[in-house]
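Worksheet: the structure to be examined is printed underneath.
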Amino acid sequence: MNTHTTDLLNALGVPSSAYTGGTLQVRSPIDGAALGAVHEASAEDMRAAVARAHAAFLQWRNVPAPKRGELVRLFGEELRAHKADLARLVSLEAGKVTSEGEGEVQEMIDICDFAVGLSRQLHGLTIASERPGHRMMEQYLPLGVVGIISAFNFPVAVWAWNSALALVCGDTCIWKPSEKTPLTALATQALFEKAVARYAGAPAHLSQLLNGGAAVGEAMVDHPQVALISATGSTRMGRAVGPRVAARFGRCLLELGGNNAIIVTPSADLDLAVRGILFGAYGTAGQRCTTTRRVIAHSSIHDELVNRLDKARAQLKIGNPMEAGNLIGPLIDQAAFDAMQQALAAARAQGGAVSGGERALADACPQAWYAVPALVRMPAQTEIVKHETFAPILYTLKYESLEQAIALQNEVPQGLSSAIFTNDVREAEAFMSASGSDCGIANVNIGTSGAEIGGAFGGEKETGGGRESGSDAWKAYMRRTTNTVNYSRELPLAQGVKFDI
Ligand code: NAD
């Protein structure tokens, strides 16, 4: 096992027993080196964890919300103190370049700050009653146990988006992280426990971590005492999870796949557009849910834009993401590389002209899967373009009218992120209007990827419809009650109904 990883895990407070001798083999996508063997939970372990989480909830829900916020504040302090180490572990385990690993931990810190402020703002409305001497109001009250399923590509930030809000909302959490990134989860849990140790009177089991594959997740999904399942991952996973939660009338927050497009109009600042598209398409080796997978460019600027993109694409430095200067790290595993090759073969068969896409660094890193970012000039939006391939592939398409561009952008089954580059205010407003982009995120002169935590994050259609992080996304983690209080000496019935004996 890599001693560097052991040092990092020690510094982050993870005992070696947690990542040795287990059945879940962890390998770094950077070079294929073994990083650990983590213990997997069973379905029975999950059921016991839910019972503990529910017992903790019964106490935590009665702690005043601003006091709950204090725990999240302490956790944010631990994250600040350990940011560099946790970020390096994210790079090692998920293959992110250093600044993106750091950015991921920064996002955790930011959502903690947001949640601390939120802990004093969980307010409902006061509503005018139609009856004299009556008052109506609504309250948001703690919901219960929140089950969090997360994907490999944001191995820790997505958990923080959920848990920071859930904890200030008075809920308790159980985390089933991706089986590809259990070490970052162990480290995050250890930092959370440090915060708990500094917080007087915290009930045990406010947040628990259970590593393992889909079967452990399913035990959580099916458990009637898990009030909310917040699941981030592929649409395939959402299709399995959504109906199971619905069958027991549980609440579900789904954050699934994206197939995000950028429209570039004749008035666009092409320098900005090239920068936005390059990072969006190839940053994180194309492994973000908000990755730019399609460019829809006006025919008058299409060739210039696409030629510039192609030239810049070929210059992106591929290599060890922890070495300065490299911008494109590895794909998570061989299956991801194979899926990329299959998509490129399909694109060729459907009339696409492919640049790039080959395997890189195979001699230096035979156990790792680096790919040259690909750009595919497509004659039309064929089937493969409508499919999310989780790899650095950018399809380019031409349009003539803005209506046609928006129709192409909305034609795919996914609905997460979208953007337009334009200097024409009419085009920008049309893109954001009711007849514009159908995505949860619609940006102007900024790319599709890299959302800030202040906004609600999520998308429509096969992306699942959930919203997390900022704005009023916290409401998903609470139950709403409507209260009517009669302070008169009469009992008038609503709508003037008479029921007198
Ligand atoms: P994945 O669907 O393979 O796995 C995601 C998680 O779901 C893992 O923890 C996995 O163990 C679990 N899981 C899978 N099947 C399950 C089941 N039947 N029951 C319970 N849990 C189950 O996804 P991945 O490869 O880790 O991540 C990539 C995908 O995630 C892409 O499609 C990407 O777009 C999506 N993603 C979406 C968002 C978003 O916010 N919309 C964010 C990150 C990633």
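This one's a predicted model, so the numbers in the text were calculated from it and none came from an experiment. Counting convention: from 1, in listed order, for ligands and their atoms alike. The basis for the numbers below is simple: all heavy atoms, side chains too, and nothing from hydrogens, waters or symmetry mates.
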Using a strict cut-off of 4.0 Å, indicate which atoms of ligand 1 neighbour a heavy atom of N153. 43 (C), 44 (C)
Name the closest protein heavy atom to atom 35 (C) of ligand 1, giving the residue it belongs to and the distance to 0.1 Å. G233 O, 3.2 Å
Would D110 and Q106 count as having a side-chain donor-acceptor pair, cut-off 3.5 Å? yes
Where at least one partner belongs to residues 170-196, residue pairs that pass ring pair (Phe, Tyr, Trp, His ring centres under 6.0 Å), sequence neighbours excluded: F75-F192, W159-W175
Polar-atom distance check: E218 versus ligand 1, any N or O pair below 3.5 Å? yes
Which atoms of ligand 1 have any heavy atom of R236 under 4.0 Å away? 3 (O)
Is the closest heavy atom of M220 to ligand 1 under 4.0 Å? no
Per-atom filter on ligand 1: closer than 4.0 angstrom to a heavy atom of P177 are 9 (O)
Among all protein heavy atoms, pick out the one at the shortest distance from atom 32 (O) of ligand 1; state its residue, atom name and that distance to 0.1 Å. E388 OE1, 2.7 Å
Does any donor atom in the side chain of Q350 or E383 lie under 3.5 Å from an acceptor atom in the other side chain? no
Can you find an N or O of S150 that's nearer than 3.5 Å to an N or O of ligand 1? yes
Residue-level breakdown please: for F154 versus ligand 1, do any non-hydrogen atoms fall below 4.0 Å on the side chain, on the backbone, on both, or on neither? neither
Please say whether R288 places an N or O atom under 3.5 Å from an N or O atom belonging to ligand 1. no
Proximal ligand 1 atoms for I149, defined as those under 4.0 Å from one of its heavy atoms: 6 (C), 7 (O), 9 (O), 12 (C), 20 (C), 21 (N)
Can you list the ligand 1 atoms lying under 4.0 Å from a non-hydrogen atom of A240? 18 (N)
What do you reckon, is CZ of R236 surrounded by more than 12 foreign heavy atoms closer than 6.0 Å? no
Under the salt bridge (charged side-chain N to carboxylate O under 4.0 Å, His left out) rule, what do E102 and K83 come out as? Steps first, then yes or no, please. CA-CA 7 Å; E102 286 168 355; K83 178 176 170 181; 5.8 Å; no
Protein contact of atom 33 (C) of ligand 1 - nearest heavy atom, named by residue and atom, plus distance: F390 CE1, 3.3 Å
Could you walk me through whether R73 and D113 pass the salt bridge (charged side-chain N to carboxylate O under 4.0 Å, His left out) test, one step at a time? CA-CA 7 Å; R73 194 187 67 74; D113 287 356; over 6 Å; no
Distance under 4.0 Å to a non-hydrogen atom of G217: what atoms of ligand 1 satisfy this? 20 (C)
Suppose we measure from atom 13 (N) of ligand 1 to each protein heavy atom; which comes out shortest, and what is that distance? M237 CG, 3.5 Å
With side-chain hydrogen bond (donor to acceptor under 3.5 Å, both in side chains) as the criterion, how do Y140 and R480 come out once you've worked through the C-alpha distance, each side chain's angles and the decisive distance to 0.1 Å? CA-CA 5 Å; Y140 286 89; R480 184 196 332 222; 3.2 Å; yes
Does an N or O anywhere in S234 fall below 3.5 Å from an N or O of ligand 1? yes
Of all the atoms in ligand 1, which lie at a distance below 4.0 Å from a heavy atom belonging to E179? 8 (C), 9 (O), 10 (C), 11 (O)
Verify whether one side chain among S437 and S418 offers a donor that lies under 3.5 Å from an acceptor in the other. yes
In terms of side-chain heavy atoms, does Q414 have a donor or acceptor partner in T463 at a distance below 3.5 Å? no
For atom 27 (O) of ligand 1, which protein heavy atom lies nearest, and how many Å away is it? A151 CB, 3.3 Å
V241 heavy atoms, cut-off 4.0 Å: which ligand 1 atoms fall inside? 19 (N), 20 (C)
L272, CG: over 12 other non-hydrogen atoms inside 6.0 angstrom: yes
Sub-4.0 Å heavy-atom contact, F152 with ligand 1: yes
Less than 4.0 Å from atom 4 (O) of ligand 1, is there any heavy atom belonging to the protein? no
Looking only at the side chains, is there a donor atom on one of T292 and N260 sitting less than 3.5 Å from an acceptor on the other? no
Is it the case that more than 12 heavy atoms not belonging to R348 sit under 6.0 Å from its CZ atom? yes
Compute the minimum heavy-atom distance from V158 to ligand 1 and say whether it is under 4.0 Å. no
Would one find an N or O of V221, backbone or side chain, under 3.5 Å from an N or O of ligand 1? no
Using heavy-atom distances only, which candidate in G257, G213, C289 approaches atom 39 (C) of ligand 1 most closely? C289
Just grab all the salt bridge (charged side-chain N to carboxylate O under 4.0 Å, His left out) pairs involving residues 465-474, residues at least two apart or on different chains. E460-R467, D472-K475
Please evaluate residues W161 and F154 with respect to the criterion ring-ring contact (aromatic ring centres under 6.0 Å, His included), reporting the C-alpha separation (whole Å), side-chain torsions for both, the decisive distance (0.1 Å), and the verdict. CA-CA 11 Å; W161 286 9; F154 275 93; 7.2 Å; no
Which protein non-hydrogen atom lies closest to atom 41 (N) of ligand 1, naming both residue and atom, and how far is it? L256 O, 2.8 Å
Considering non-hydrogen atoms of the protein only, which is the closest contact for atom 40 (O) of ligand 1, and what is the distance? F457 CE2, 3.1 Å
Taking all atoms of both residues into account, what is the closest heavy-atom pair of I406 and F431, and its distance? CD1-CA, 4.1 Å
